[in-house]
Number of protein chains: 2
Amino acid sequence: MSEVITQSIQDYLKHIYELNENGGSASTNDLAARLNIAPASVTGMLQKLANAKPPLVIYKKHQGVTLTKNGEKAALEVIRHHRLLETFLVNTLGYSWDEVHFEAEKLEHVISEDFEARMAAALGHPTRDPHGELIPTVDLTMPVDESRPLASLRTDETATVRRVSDDDPALLRHLLEIGVVPEAKITVKSYSEFDGNLTIKIEGQKSNIVLGTAVTNQVFVEK
Amino acid sequence: MSEVITQSIQDYLKHIYELNENGGSASTNDLAARLNIAPASVTGMLQKLANAKPPLVIYKKHQGVTLTKNGEKAALEVIRHHRLLETFLVNTLGYSWDEVHFEAEKLEHVISEDFEARMAAALGHPTRDPHGELIPTVDLTMPVDESRPLASLRTDETATVRRVSDDDPALLRHLLEIGVVPEAKITVKSYSEFDGNLTIKIEGQKSNIVLGTAVTNQVFVEK
DNA sequence: CAAAAAATTTAGGCCAGACTAAAATATTTT
DNA sequence: AAAATATTTTAGTCTGGCCTAAATTTTTTG
């Protein structure tokens with residue numbers, strides 16, 4: 001008899017998933033920071049999730065945490081909800097891409113599978129959300145992301161923007177303004193060894209743009 | 001410093017509002033039945049709501065409960081969410097009118113004021129939901145409902161269906177099938193003193209229909 | 001109008017999920 | 001490699017919102 005996956009648990013699993021994506025296991029402290037919860041409370045929850053039947057995470061004291069297959073499915077379910085919702089809010093209710101995150105964050109825990117299916121159908125089964133992030137498939141597998149940080153490009157390299165981080169509305173507004181959006185074609189004009197700045201040219205625009213690493217690490221491109 | 005209105009509290013207020021609509025104050029037991037919560041638990045919550053600052057309900061031991069102005073506003077907010085959501089789900093995602101209730105029940109506690117406003121605009125600021133129930137206005141007043149139970153009509157009286165109860169999906173499917181929907185024009189052909197059955201004719205249909213009180217008390221009409 | 005029945009409240013508990021303070025373990029620095 | 005620092009865990013608490021059992025109050029009825 002598998003136990004109930006509360007909203008709170010969904011949040012833990014989602015953030016563990018995201019922390020696992022970059023590098024190995026998620027640390028108690030990182031998780032606590034993301035969830036805005038005291039580290040001690042996180043430890044308690046991880047113990048609970050590791051002892052659940054079936055276990056949702058693999059957790060050894062002081063060694064961080066990763067998801068089990070079950071935990072990953074639950075995480076992908078929430079992420080699918082989140083990204084479909086963001087797409088839906090933009091397409092159907094005219095939200096701008098910097099406004100959708102918090103609304104989706106609340107709704108993702110609450111909608112039914114029926115709602116999810118209807119949204120997906122109404123949107124034509126999209127594969128990416130408005131920020132270009134990949135939407136887990138209906139059978140809960142995450143498509144492979146081939147993109148890498150814009151910051152990793154060097155002079156004369158050309159690439160297409162695939163996705164941008166969605167959690168800072170101010171950054172999103174800025175990116176939209178300067179035209180750094182999914183599908184934009186970018187050529188690197190120069191790279192500054194010194195501060196990591198990239199001077200880029202966006203296809204269809206007249207002037208070049210200089211971006212610092214605070215930006216180029218949040219933008220992901222593909223050749 | 002006004003206290004937090006949790007989802008649970010929203011549910012209490014909503015159901016108190018609905019119980020107050022028919023007749024005076026809501027009883028502990030009725031509330032408990034509606035909320036699927038033990039009566040003892042309801043007592044506890046009512047004491048808490050009555051002592052909140054500002055108070056959300058007026059409650060005297062053994063004498064039932066009514067809403068304060070503050071409590072009523074909070075209730076109308078939730079009801080506005082619920083009814084806009086039902087309308088939105090039907091219009092935008094193709095839900096049928098018997099499927100929307102439970103989805104709206106969960107979403108109503110979670111959507112932002114922005115979401116509410118965008119829905120209302122997208123729907124053209126509707127005044128009734130798919131079941132014909134009045135939607136509280138944006139400034140949280142409830143329009144006056146002039147309708148009365150179909151059960152109160154007698155032979156040869158004619159009226160227009162305004163709304164139907166939305167909480168029994170099976171009834172809703174049945175009503176749709178026989179054509180008892182908002183705006184349908186009905187004439188009472190006969191009334192059975194004995195069992196309260198009404199034989200009615202719906203404008204545009206060939207044959208008469210016989211309805212028992214289980215149905216006619218859930219359908220509301222206006223001359 | 002008193003006894004029985006129904007409704008309501010009190011009392012005492014439980015659980016999830018958070019918190020703080022203190023203890024233990026890991027990691028970094030010197 | 002010992003000391004200093006950072007991270008993580010343990011221990012103990014709190015709050016919201018529910019529960020059951022028992023006591024009390026109100027209502028119904030013979």
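The CG-C1' distance, from A/Leu31 to D/dT7, rounds to 14 Å in whole Å. Distance A/Asn36 CG to C/dC19 C1': 14 Å, rounded to the nearest Å. In this structure, CD of B/Glu3 is placed 13 Å from P of D/dT15, rounded to the nearest angstrom. For the pair A/His109 NE2 and C/dG17 P, the computed distance is 12 Å after rounding to whole Å. Protein atom CG of A/Leu35 is 10 Å distant from nucleotide atom P of C/dC19, rounded to whole Å. Atom P of nucleotide C/dG17 and atom CG of A/Asp11 are separated by 11 Å, given to the nearest angstrom. Taking atom NZ of A/Lys48 as the reference point, atom P of C/dA18 lies 9 Å away to the nearest angstrom. Rounding to whole angstrom units, CG of residue B/Leu49 and C1' of D/dG16 are separated by 12 Å.
B/Ser147 is not listed as a side-chain neighbour of B/Val221, based on a closest heavy-atom distance of 4.5 Å or more. Between B/His109 and B/Val78, the closest side-chain pair of non-hydrogen atoms falls below 4.5 Å.
Residue A/Gln7 is the one, among A/Gln7 and A/Ala40, whose nearest nucleotide of DNA chain C lies closer to the 5' end (criterion: closest heavy atom).
Between B/Asp129 and B/Arg163, none of the side-chain N atoms (NZ, or NE/NH1/NH2) sits under 4.0 Å from a carboxylate O, so this pair counts as no salt bridge. B/Arg118 and A/Glu99 are joined by a salt bridge, as a carboxylate oxygen and a charged side-chain nitrogen come within less than 4.0 angstrom of each other. Ion pairing between a basic and an acidic side chain is recognised when a charged N comes within 4.0 Å of a carboxylate O; A/Glu86 and A/Arg83 show no such pairing. Using a 4.0 Å cut-off between charged nitrogen and carboxylate oxygen, B/Lys14 and B/Glu108 count as a salt-bridge pair. Here A/Arg34 does not pair with A/Asp30 in a salt bridge; the nearest charged N to carboxylate O distance is not below 4.0 Å. Salt bridge annotation for B/Glu157-B/Lys223: present, with a cationic side-chain nitrogen under 4.0 angstrom from a carboxylate oxygen. With respect to the salt-bridge test (charged N to carboxylate O, under 4.0 angstrom), the residues A/Arg80 and A/Glu116 qualify. At a threshold of 4.0 Å, the pair A/Arg148-A/Glu222 does not count as salt-bridged, since none of the basic side-chain nitrogens sits closer than that to a carboxylate oxygen.
Listed nucleotides D/dT10, D/dG17, C/dT9 differ in distance to B/Thr43; the shortest reach to its side chain belongs to C/dT9. Closest contact between the side chain of B/Ser27 and the listed nucleotides C/dT9, D/dT8, C/dT8 involves C/dT8. Nearest to the side-chain atoms of B/Thr6 among the listed nucleotides C/dT8, D/dG16, C/dT20 stands D/dG16. Listed nucleotides: D/dG17, D/dT9, C/dA11. Nearest to the side chain of B/Ile9: D/dG17. Residue A/Ser41 has its side chain nearest to C/dC19 when only C/dT20, D/dT26, C/dC19 are considered. Between D/dT7, D/dT9, D/dG17, one nucleotide has an atom nearer to the side chain of A/Asn29 than all others, and that is D/dT7. When distances are taken from the side chain of B/His62 to each of D/dT10, D/dA21, D/dT26, the shortest belongs to D/dT26. In the set D/dT20, D/dT8, C/dT10, D/dT20 carries the atom at the smallest distance from any side-chain atom of B/Ala38. In this structure, the nucleotide among C/dT9, C/dC19, D/dT9 sitting nearest to the side chain of A/Ile37 is C/dC19. With C/dC19, D/dT10, D/dG17 as the candidates, the nucleotide lying closest to the side chain of B/Met45 is D/dG17.
OP1 or OP2 of C/dT10 lies within a sub-4.0 Å distance of a side-chain N or O belonging to B/Gln47. Listed pair B/Lys61 / D/dT24 fails the phosphate criterion, with no side-chain N or O lying under 4.0 Å from OP1 or OP2. Between C/dA18 and A/Tyr12, a contact under 4.0 Å exists linking OP1 or OP2 to a side-chain N or O.
Under the 30°/60° scheme for interplanar angles, the aromatic rings of A/His131 and A/Trp97 are found to lie parallel.
Helix-axis bend for the helix from C/dC1-D/dG30 to C/dT30-D/dA1: the local axis fitted to the five terminal pairs at one end deviates from that at the other end by 0°, rounded to 10°.
Of the residues in residues 13-21 of chain B, none has a non-hydrogen atom less than 4.0 angstrom from any atom of DNA chain C.
Across all strands shown, A/Ser8 has heavy atoms under 4.0 Å from sugar-phosphate atoms exclusively, and none from any base.
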